[in-house]
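This one's a predicted model, so the numbers in the text were calculated from it and none came from an experiment.
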Protein chains: 2
Amino acid sequence: MASDHTRSAILAAAERLYADRGFGDVTLRDIVAEAGVNLAAVNYHFGSKDELIAELFVTRSIATNRERLRELKAAEEQGGGRAPIEVILRALVGPTLRGCLGPENQRSTAARFMIRASIESVPPIRRIKNREIDHLRKFAGAMRRSLPNRSDVDIYWGLNFALAMAHHTIRESERLTKLSEGKCDLDDVEDVVARVVSVATMALTAGRVEAKAPSKVAAR
Amino acid sequence: MASDHTRSAILAAAERLYADRGFGDVTLRDIVAEAGVNLAAVNYHFGSKDELIAELFVTRSIATNRERLRELKAAEEQGGGRAPIEVILRALVGPTLRGCLGPENQRSTAARFMIRASIESVPPIRRIKNREIDHLRKFAGAMRRSLPNRSDVDIYWGLNFALAMAHHTIRESERLTKLSEGKCDLDDVEDVVARVVSVATMALTAGRVEAKAPSKVAAR
DNA sequence: GATAGTTTCATACAACTGTTTGAATTGCAA
DNA sequence: TTGCAATTCAAACAGTTGTATGAAACTATC
């Protein structure tokens with residue numbers, strides 16, 4: 001083990017470069033140059049390039065998921081096993097949004113890395129995301145307990161839409177800023193969280209709005 | 001020009017292979033082998049690999065966007081310049097969802113290609129997506145006319161959330177099926193459209209649901 | 001049917017990539 | 001200090017990739 005200096009230098013350099021330039025444009029040679037270590041050190045310490053990327057992503061994922069579960073558990077304990085749906089949703093999307101958004105100039109390397117991972121989604125990262133299902137099931141369970149009258153199908157759709165709004169907002173934050181000409185303030189993370197939670201809550205609690213049949217409109 | 005046989009054979013083979021195996025795993029040599037043409041034909045007819053991918057994506061995008069605008073225009077004309085917000089949202093997300101979802105066994109190559117493009121998002125495709133803003137602005141305009149009392153910020157957030165739900169559902173359709181153990185029926189496209197439109201409509205019309213402050217819950 | 005322009009082809013190119021190797025160096029324990 | 005394992009290093013490896021080349025085959029026009 002020793003000092004692990006090389007190992008952490010590689011992790012730091014890789015995270016920074018991937019965050020700045022994306023996975024497609026950064027080679028192992030770029031990383032070791034930035035870290036000031038030898039090329040072979042990557043394979044010595046991590047086994048392969050993919051395992052290096054996986055370790056970067058797993059580290060951040062675990063932190064986010066831990067925070068999610070902490071908030072969820074606290075909410076359910078306080079409510080005697082049933083938490084209000086807004087609080088559950090806040091526990092679901094809050095940590096992710098807080099970890100990725102915020103004032104751009106002071107956005108951490110980790111945050112920018114996670115945004116990049118959300119945009120590019122290379123194989124090692126996709127593999128990890130696929131293991132996230134058990135984690136999501138815990139939220140589905142909490143939502144079911146919170147809304148016992150709601151069907152499973154509606155619960156899953158609500159969960160899906162909540163994640164959709166959070167992740168899409170992160171991934172397309174730049175485009176939303178441009179589209180809205182800066183009117184949508186993505187630096188105000190708590191406002192974003194509140195908007196996502198609010199809409200997801202409505203999706204899960206409101207009666208279905210009957211959408212007008214498009215027959216006449218769509219007709220030629 | 002001649003028969004264009006080689007050109008279209010390349011396009012068809014590329015679309016099929018990319019749809020099945022993803023952009024990362026398919027080389028030009030795979031494509032020309034599948035198409036039964038010479039390797040140099042790709043650069044002769046398309047200039048480069050990226051331009052080939054771009055052409056594939058642009059073709060499908062244009063078709064979707066045309067359909068979107070057709071539905072939007074029809075709706076606004078029928079309503080004398082103002083269309084109901086549900087109909088606008090349906091014009092926004094309907095064509096995309098219909099183009100990508102539907103019974104898996106009979107899903108077209110084009111549909112599977114677009115799903116792949118949504119998941120992997122390779123540089124030439126990202127470049128094209130970035131040019132989509134003007135197109136989205138037309139929908140923002142229609143939404144503003146439909147909901148004149150709503151602030152611009154709310155309009156943009158509603159637009160953002162509508163796209164979020166549609167695109168995320170496409171991209172993560174497999175995961176949603178697995179998570180819900182098949183309970184969420186993604187083959188019933190019109191039901192998916194109705195759900196997305198319904199939630200987006202609520203997001204745009206309902207008063208803001210005041211989410212509970214998380215202070216106590218989140219506290220250590 | 002000769003010719004000019006287009007298209008196809010086999011092949012080579014040139015560069016880059018992640019990974020491996022084996023020797024050199026370092027750090028620690030006996 | 002000696003010995004042993006962990007670490008670092010320069011160098012090469014092996015394979016793949018997109019692209020370029022120049023000759024050959026084809027097509028249509030006059």
Side-chain angles (χ1 to χ4, degrees), chain A residues 1-58 113 116-117 120-128, chain B residues 1-58 113 116-117 120-128:
Chain A
M1 299 230 172
S3 73
D4 262 357
H5 168 272
T6 302
R7 212 186 126 87
S8 22
I10 292 173
L11 284 170
E15 188 170 55
R16 190 162 359 124
L17 288 179
Y18 284 143
D20 287 343
R21 302 204 255 129
F23 296 100
D25 277 354
V26 176
T27 71
L28 288 187
R29 283 169 177 80
D30 293 333
I31 293 171
V32 298
E34 176 88 357
V37 304
N38 187 271
L39 175 60
V42 172
N43 288 276
Y44 178 79
H45 285 281
F46 299 94
S48 71
K49 181 199 183 188
D50 277 11
E51 288 174 87
L52 165 62
I53 295 177
E55 174 152 342
L56 282 170
F57 186 73
V58 153
F113 173 83
R116 194 61 83 162
E120 293 196 21
S121 181
V122 287
I125 289 179
R126 240 172 299 158
R127 254 172 263 139
I128 294 164
Chain B
M1 297 225 180
S3 73
D4 260 357
H5 169 271
T6 302
R7 212 185 125 87
S8 22
I10 291 173
L11 284 170
E15 188 170 55
R16 189 159 1 120
L17 289 179
Y18 284 142
D20 287 344
R21 302 205 256 126
F23 295 101
D25 276 355
V26 175
T27 71
L28 289 187
R29 283 168 176 83
D30 294 332
I31 294 172
V32 297
E34 177 88 358
V37 304
N38 187 271
L39 175 60
V42 173
N43 287 277
Y44 178 79
H45 286 282
F46 299 93
S48 70
K49 180 198 182 188
D50 277 11
E51 289 174 86
L52 165 61
I53 294 176
E55 174 151 344
L56 282 170
F57 187 73
V58 152
F113 174 83
R116 196 59 85 163
E120 292 196 22
S121 181
V122 73
I125 290 180
R126 243 172 297 158
R127 254 172 263 140
I128 294 163

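- Here the OH atom belonging to B:Tyr18 is positioned 5.5 Å from the CG atom belonging to B:Leu52, to the nearest 0.5 angstrom.
- Of the side-chain N and O atoms in B:Ser48, none sit less than 4.0 angstrom from OP1 or OP2 of D:dG18.
- Rounded to an integer number of Å, the gap from CD1 of B:Ile53 to C1' of D:dG18 is 11 Å.
- Along DNA chain D, the nucleotide nearest to A:Val37 and the one nearest to A:Arg29 differ in position, and the one closer to the 5' end is contacted by A:Val37.
- Going from atom OH of B:Tyr44 over to atom P of C:dT7 covers 4 Å, rounded to whole Å.
- Within the structure, no pair that satisfies the salt bridge (Lys or Arg N to Asp or Glu O under 4.0 Å) test touches residues 37-49 of chain B, not counting sequence neighbours.
- B:Arg16 contributes atom CZ, which lies 11.0 Å from atom CZ of B:Arg21 (distance to the nearest 0.5 angstrom).
- Note: B:His45 NE2 to B:Glu55 CD = 11.5 Å, rounded to the nearest 0.5 Å.
- Counting non-hydrogen atoms under 4.0 angstrom, B:Ala40 reaches a base of the nucleic acid.
- Taking atom CG of A:Leu39 as the reference point, atom P of D:dT8 lies 13 Å away to the nearest angstrom.
- The stretch residues 19-28 of chain B comes close to DNA chain D through B:Thr27, B:Leu28, each having a heavy atom under 4.0 Å from the strand.
- For B:Asn43 and D:dT21, the CG to P distance is 11 Å, given to the nearest whole Å.
- Phosphate contact (OP1/OP2 of C:dT7, side-chain N/O of B:His5, threshold under 4.0 Å): absent.
- C:dT8 atom C1' lies 16 Å from atom CZ of B:Arg7, rounded to whole Å.
- Nucleotide C:dG18 holds its C1' atom 8 Å from the NZ atom of A:Lys49, rounded to whole Å.
- Under 4.0 angstrom from either OP1 or OP2 of D:dT8 there lies at least one side-chain N or O belonging to A:His45.
- When rounded to the nearest whole Å, the span between CD1 of A:Ile10 and P of D:dT7 equals 12 Å.
- When atom types are taken as modelled, the side chain of A:Asn43 and the backbone of A:Ala40 share no donor-acceptor pair closer than 3.5 angstrom.
- The side chain of A:Asn38 contributes no N or O atom lying less than 4.0 Å from OP1 or OP2 of D:dT7.
- With rounding to the nearest 0.5 angstrom, the CG atom of B:Leu28 is 11.0 Å from the CG atom of B:Leu17.
- Here the CD1 atom belonging to B:Ile31 is positioned 11.0 Å from the CD atom belonging to B:Glu15, to the nearest 0.5 angstrom.
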